[in-house]
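Structure first, then comments.
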Amino acid sequence: MKIEADKWRHFYAGVAMAIILCSAGALMNIELKLVFIFSFIIVVSISFGFEIFSLISGLGRYDIWDAVATIIGAIFGMGICVSFF
């Protein structure tokens, strides 16, 4: 099974979002468990929100699997953050 290039871009975007959000939370001295919960909620909201916006407005291309790829990337990015913090 070959993964499309578009899904890889969403995966990397999820990694970047998670690293930025987790780093910001850690720099503000918030408990790490809360940082991961809030960053996960924010990434899920942004990724699914963007797909719903694409569906309603007709701008862009609606594909729910893009949001799933972003969330998987965010989980991977949070795993990277665990090793640093």
Side-chain angles (χ1 to χ4, degrees):
M1 183 169 119
K2 184 174 168 120
I3 299 174
E4 300 172 24
D6 180 44
K7 303 304 182 257
W8 282 110
R9 283 188 294 237
H10 286 276
F11 177 81
Y12 294 135
V15 170
M17 279 195 292
I19 289 174
I20 290 169
L21 290 169
C22 289
S23 298
L27 290 174
M28 290 189 288
N29 292 326
I30 300 173
E31 186 179 338
L32 285 179
K33 190 182 288 185
L34 289 175
V35 168
F36 292 132
I37 291 170
F38 288 142
S39 63
F40 183 75
I41 290 171
I42 290 170
V43 168
V44 169
S45 300
I46 290 172
S47 60
F48 279 115
F50 181 75
E51 295 302 323
I52 291 170
F53 174 76
S54 297
L55 176 66
I56 293 171
S57 69
L59 301 172
R61 199 181 83 211
Y62 169 75
D63 187 7
I64 199 71
W65 292 108
D66 290 345
V68 172
T70 305
I71 293 168
I72 292 170
I75 292 170
F76 186 75
M78 284 186 243
I80 292 172
C81 285
V82 166
S83 63
F84 288 110
F85 300 114

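For this chain, numbers begin at 1 and follow the sequence in order.
Between F48 and T70 there is no side-chain heavy-atom pair separated by less than 4.5 Å. No side-chain heavy atom of F84 sits under 4.5 Å from any side-chain heavy atom of S23. M28 is not listed as a side-chain neighbour of V35, based on a closest heavy-atom distance of 4.5 Å or more.
Within the 3.5 Å criterion, the main-chain N or O of Y62 finds no donor-acceptor partner in the side chain of E51.
By the rule that hydrophobic residues join a cluster once side-chain heavy atoms approach within less than 4.5 Å of another member, W65 and I46 end up as members of separate clusters. With hydrophobic clusters built from ILVMFWY side chains whose heavy atoms lie under 4.5 angstrom apart, I64 shares a cluster with I71. Linking ILVMFWY side-chain heavy atoms closer than 4.5 Å, directly or via other members, places I20 and I75 in two distinct hydrophobic clusters. Cluster membership for F76 and W8, using ILVMFWY side-chain heavy atoms within less than 4.5 angstrom, is shared. When the side chains of ILVMFWY residues are joined at heavy-atom separations under 4.5 Å, either directly or via intervening members, V15 and V44 end up in a single hydrophobic cluster.
Relative orientation of the F50 and F53 rings is tilted, given thresholds of 30° and 60° on the angle between their planes.
Atom CE of residue M78 and atom CG of residue L32 lie 12.5 Å apart, to the nearest 0.5 angstrom. Taken to the nearest 0.5 Å, the CZ atom of R61 stands 6.0 Å off from the CG atom of D66. The CG atom of L21 lies 11.5 Å from the CZ atom of F36; values are rounded to the nearest 0.5 Å. Atoms CD1 and OG, on I42 and S47 in that order, are 12.0 Å from each other to the nearest 0.5 Å. Distance check, rounded to the nearest 0.5 Å: SG of C22 to CG of L27 gives 11.0 Å. Once rounded to the nearest 0.5 Å, the distance linking OG of S45 with CZ of F40 reads 9.5 Å.
Closest of all the heavy-atom pairs between K7 and A69 is O-CB, 3.7 Å. The minimum heavy-atom distance linking V43 with A18 is given by the pair CG2-N, 4.5 Å.
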